[in-house]
2 protein chains.
Amino acid sequence: MPAASKPVPSVWARTPREADQPALSRTAIVREAIAMLDAEGVEALSMRKLGARLNAGATSLYRHVATKDELMELAVDEVCGEIALPAPGGPDWRADVADAARSFRATALRHPWVAGVLGQAGLAYLGPNLMAFSNNLAALFTQTGFPQPHGAIDTVLSYVIGMSTTEAAWLTTVARSGETEAEFVARLMPAAREAAAQHPDLAGGYVDVPDPVALRDAKFEYGLGVVLDGLATRMPA
Amino acid sequence: MPAASKPVPSVWARTPREADQPALSRTAIVREAIAMLDAEGVEALSMRKLGARLNAGATSLYRHVATKDELMELAVDEVCGEIALPAPGGPDWRADVADAARSFRATALRHPWVAGVLGQAGLAYLGPNLMAFSNNLAALFTQTGFPQPHGAIDTVLSYVIGMSTTEAAWLTTVARSGETEAEFVARLMPAAREAAAQHPDLAGGYVDVPDPVALRDAKFEYGLGVVLDGLATRMPA
DNA sequence: CCGTCATGCGTACAGTGTGCGCACGATAGG
DNA sequence: CCTATCGTGCGCACACTGTACGCATGACGG
């Protein structure tokens, strides 16, 4: 019988589809992709592994998602939905912009892959949540009569994306080491100091840090203050 | 004769190694890798294609380079060597920092892959040229008695990296379209305007741009001015 | 009851990074 | 001069990637 060449041992033993599973859906796929990205980073996400986590084959995902790049775009936008948007028109534009920036950083650090992907994609991602964030930032400036709102948006966004990308990359490296951030810093310090010996003006950056998290927070706040001060000088009285 | 099973048709017909070729070397590999990255972007670089361009097999490269990641690190640092470093201690720290920032942006746009790779790697890249650039920036601040030089460095770097990454991603998208930047902008404008209809505060950003290159230059200069102004308020008189 | 259709999956293809071991030319030691 | 060693390049192989194609299955509307 040529039918015996089929890999199925018997037609009668077929499992009649596990219908209790919520089946595949675009939102479920995106949700699980984000979970994988958060846990293992961007290069650990493959369509096969993602399918396996959803009790599905790799190619089944393509019924709901055109391509892996599209999936990444959806994941990025989904994560951007976590950014808190301050209500525009408040009395203190400075505080509102700062809150938006902090919220962006916080979600970028919660999902350490998103800043890098977002930066590399540039303006190609036009998802609703990302657009809403940009628009919110714009509203914060326009509604207070800022002269060049688009320059202000790009300036704030560039600073925040640049800082968050660098920070997220650092956190990824730390996470891969399996140590706490403080341990990792302590272990790297001698090598860094030796490398900085050739570059005396950098040496001041390699002092002992008792609380690396607080230091990163302070660095971000410092730069944010610088940017906002610079913008404040361009705000008419 | 079992020797006939060898793929070599005859031992006597063997080419005696083309010794005129400059042979493989780490610097030649890195140089050619940069050329490929500039021409076709980061996802078009494969060890096999790179080997082929050097008249070599893929695995031959591994005699000179431990891994592809290491090759990328070498390429990034090599490119960072193109950044012009202003002499520290000049009378106008503002102009010097601005020159360093402009030079960084210029090389990042000449090699549109480098900003993204650099951002994603964070502080993991400690090549000499990158260290020299950081140190130069540090020297520009320390030698003028700036109070928090490391905060200033991180602020400027974050802004410049963020802006350059976004710009480079945009340029990559434009290049892949095969059109000029002006054509590409014109073609995208209707879609962008329609998308911005839902986001009225963004609408002002989608006006006709006669000269996109000049507009990007102006945007960069605006943000750079903002950052430097913010830093200037922290400089003691 | 019988198409039609959306959905999942098995197979396959071209391509990736890279470990392994062999073959070769040059070079040094007897 | 012969021989042992060594650096270099390469062929092969492995595990893995994204994704195109076509079939099987069950749900659903006529």
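Chain letters run A, B, ... following the sequence lines, proteins first and then strands; every chain starts at 1. This structure is a prediction, so every number in the text was calculated from the model and none was measured.
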Return the value, rounded to whole Å, for the distance between atom CG of B:Leu61 and atom P of C:dT18. 11 Å

Exceeds 12 heavy-atom contacts within 6.0 angstrom, atom CD of B:Glu43: yes

Quickly work out the A:Met47 CE to C:dA14 P distance and round it to whole Å. 21 Å

Nearest to side-chain heavy atoms of A:Arg63, which nucleotide of C:dT7, C:dG21, C:dG17: C:dT7

What about B:Arg48, does its side chain sit under 3.5 Å from the base of C:dG17 through a donor-acceptor pair? yes

Could you tell me whether A:Leu45 contacts a base, only the sugar-phosphate backbone, or nothing, with contacts defined as non-hydrogen atoms closer than 4.0 Å? sugar-phosphate

Mind calculating the distance between CD (B:Glu70) and P (C:dG17) to the nearest angstrom? 15 Å

Looking only at side-chain N and O atoms, does B:Lys49 come under 4.0 Å of OP1 or OP2 in C:dT16? yes

Proximal nucleotide (of C:dG8, C:dT18, C:dC9) relative to the A:Ala56 side chain: C:dC9

Does A:Arg102 qualify as a cation-pi partner of A:Phe220, given the criterion of NZ or CZ under 6.0 Å from the six-membered ring centre and within 45 degrees of its axis? no

Taking C:dG17, D:dT19, C:dG8 as options, the one with an atom nearest any side-chain atom of A:Ser60 is C:dG8

Please figure out whether B:Thr67 or A:His64 has its closest DNA chain C nucleotide nearer the 5' end. A:His64

When rounded to whole Å, the CG to P distance for the pair B:Leu24 and C:dC24 reads 19 Å

Roughly, in whole Å, what's the span from CZ in B:Arg26 to P in D:dT8? 12 Å

Interatomic distance, A:Tyr62 OH vs D:dG18 P [rounded to whole Å]: 6 Å

Below 4.0 angstrom from OP1 or OP2 of C:dT11, is there any side-chain N or O of A:Thr59? no

Just how far, in rounded Å, is C1' of C:dG15 from CD of B:Glu43? 14 Å

So, for B:Tyr206 and B:Leu202, which heavy atoms are closest and what is the spacing to 0.1 Å? CD1-O, 3.6 Å

Residues passing the salt bridge (charged side-chain N to carboxylate O under 4.0 Å, His left out) test with B:Arg48, sequence neighbours excluded, are none

Between C:dG15 atom P and B:Leu50 atom CG, what is the distance in whole Å? 17 Å

May I ask you to say whether B:Glu32 pairs ionically with B:Lys49, meaning some side-chain N is under 4.0 Å from a carboxylate O? no

Looking at D:dT17, I'd like to know if its phosphate oxygens (OP1 or OP2) sit under 4.0 Å from a side-chain N or O belonging to A:Ser46. yes

